[in-house]
Amino acid sequence: MASYELLHPWTDISPADAVALQQQLRSQVRILPPTGPLRTIAGCDISFNKFEETVYAGIVVLDLETLETIDEAGVVSTATFPYVPGLLSFREIPSLLEAWAKLTTEPDVVMFDGQGIAHPRRIGIASHGGLFLNRPTFGCAKSVLVGKYNEPAPERGSWSPMTHYRDVVGAALRTKNRVNPVYVSPGHLIDLETAIALTLRCDGKYRLPEPTRRAHNLVNTLRRNGSPYQQTTQPS
DNA sequence: GCGACAG
DNA sequence: ATCTTGTCGC
């Protein structure tokens, strides 16, 4: 069981502190082709009931060759930070790290439900998560945070670069013919081309790639049906 | 100054 | 994100 260096604490952080931390951490993010084989990929997500602080976080690991689920872990935790555009990582990563600790495998690359460097300070949840996990990570989001792009061709696989202040920060990628694109951006220890290839490799029957969809299903099941080991009140 | 704004 | 049925379109 590996241990991960604590780059910084997650508690008692104000939004202003979080922004300052991002400015401090951004220089550590490395965008370059992955070294070493990529055989497994993890998808992660969190779910929660509106107005409640309890969050359900989960990670699903799939074999990149067969897309078969080979591992998964979920946790019931508490959110200590609100959702603030640009500061998503401070709300989701703490609980995701708890789920990560319960995995029995070490995913080679991690796909996040959000942005990587396609972020105002170039350190979205996928980049921030990559610094903690110290392995290739990238983001695959359903909508844009920052950046502009030209509509990619309607065929699956076509994509166009997303630009933010002269920087190419990601790509609008079509995962299905005639369906809205997803927004892919490098997180850490990976490059845009590889992130795009991995997203296409995880193709299933839907617009969103399988890792993200399965993680989403896992946390929603956890939220609605409860953890099998957690006592829930039964109706009389 | 006025909007935009991952999940 | 979450709350929700039907409905328009390929």
Side-chain angles (χ1 to χ4, degrees), chain A residues 10 15-16 18-19 22 25-26 29 43-60 74-97 99 110-131 137-149 153-156 162-165 167 169-188 192 195 199 205-209 211-226:
Chain A
W10 294 99
V19 171
Q22 292 181 320
L25 296 171
R26 62 181 300 176
V29 175
C44 43
D45 192 23
I46 74 163
S47 179
F48 57 88
N49 288 310
K50 201 174 183 179
F51 303 133
E52 290 183 8
E53 70 289 348
T54 298
V55 297
Y56 304 81
I59 299 178
V60 176
V75 299
V76 178
S77 187
T78 302
T80 62
F81 199 95
Y83 167 67
V84 178
L87 302 179
L88 179 65
S89 60
F90 291 88
R91 174 177 174 72
E92 304 198 345
I93 291 184
S95 54
L96 286 176
L97 289 178
V110 184
M111 173 187 287
F112 282 80
D113 190 11
Q115 317 295 337
I117 60 172
H119 178 281
R121 289 169 293 283
R122 305 289 181 271
I123 182 163
I125 188 170
S127 300
H128 200 165
L131 291 180
T137 59
F138 67 98
C140 181
K142 298 178 291 299
S143 60
V144 178
L145 207 211
V146 298
K148 298 180 179 304
Y149 65 94
E155 296 74 33
R156 160 182 159 75
M162 289 181 68
T163 301
H164 183 58
Y165 284 86
D167 291 340
V169 297
L173 171 68
R174 210 130 249 165
T175 54
K176 291 294 178 185
N177 296 331
R178 313 289 303 254
V179 168
N180 288 157
V182 292
Y183 306 91
V184 178
S185 60
H188 182 50
L192 180 58
T199 299
K205 302 174 59 177
Y206 309 90
R207 174 200 180 207
L208 298 182
T212 294
R213 283 195 70 262
R214 291 184 202 174
H216 194 271
N217 289 335
L218 172 64
V219 297
N220 277 326
T221 295
L222 189 57
R223 177 171 65 84
R224 302 192 279 241
N225 301 331

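Small disclaimer: the values here were computed from a predicted structure and weren't measured. Throughout, a chain's letter reflects where its sequence line sits, starting with A, and its residues are numbered from 1.
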So if I define the base as every atom that isn't primed, P, OP1 or OP2, how would nucleotides 2-7 of chain B read as a B/S/- string at a heavy-atom cutoff under 4.0 Å? ---BBB
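H128(A) comes within 4.0 angstrom of nothing in the nucleic acid, heavy atoms only.
Put simply, CZ on R178(A) is 8 Å from P on dC10(C), counting in whole angstrom units. Whole-Å rounding puts the F90(A) CZ to dA1(C) C1' distance at 19 Å. Put simply, CG on N49(A) is 11 Å from C1' on dA1(C), counting in whole angstrom units. Whole-Å rounding puts the N220(A) CG to dA1(C) P distance at 9 Å.
Contact check, R224(A) against dT2(C): no side-chain N or O comes under 4.0 Å of OP1 or OP2.
Between H128(A) and F90(A), the two ring planes are perpendicular [angle over 60°; tilted spans 30° to 60°].
T175(A) contributes a side-chain N or O that, together with a main-chain N or O of R207(A), makes up a donor-acceptor pair within less than 3.5 Å. No side-chain donor-acceptor contact under 3.5 Å links S47(A) to the backbone of Y56(A). Between the side chain of R174(A) and the backbone N or O of A153(A) there is at least one donor-acceptor pair closer than 3.5 Å. For the pair Q115(A) (side chain) and R122(A) (backbone), a donor-acceptor distance under 3.5 Å is absent.
Within the model, atoms NZ of K142(A) and CG of N180(A) stand 13.0 Å from one another, a figure rounded to the nearest 0.5 Å.
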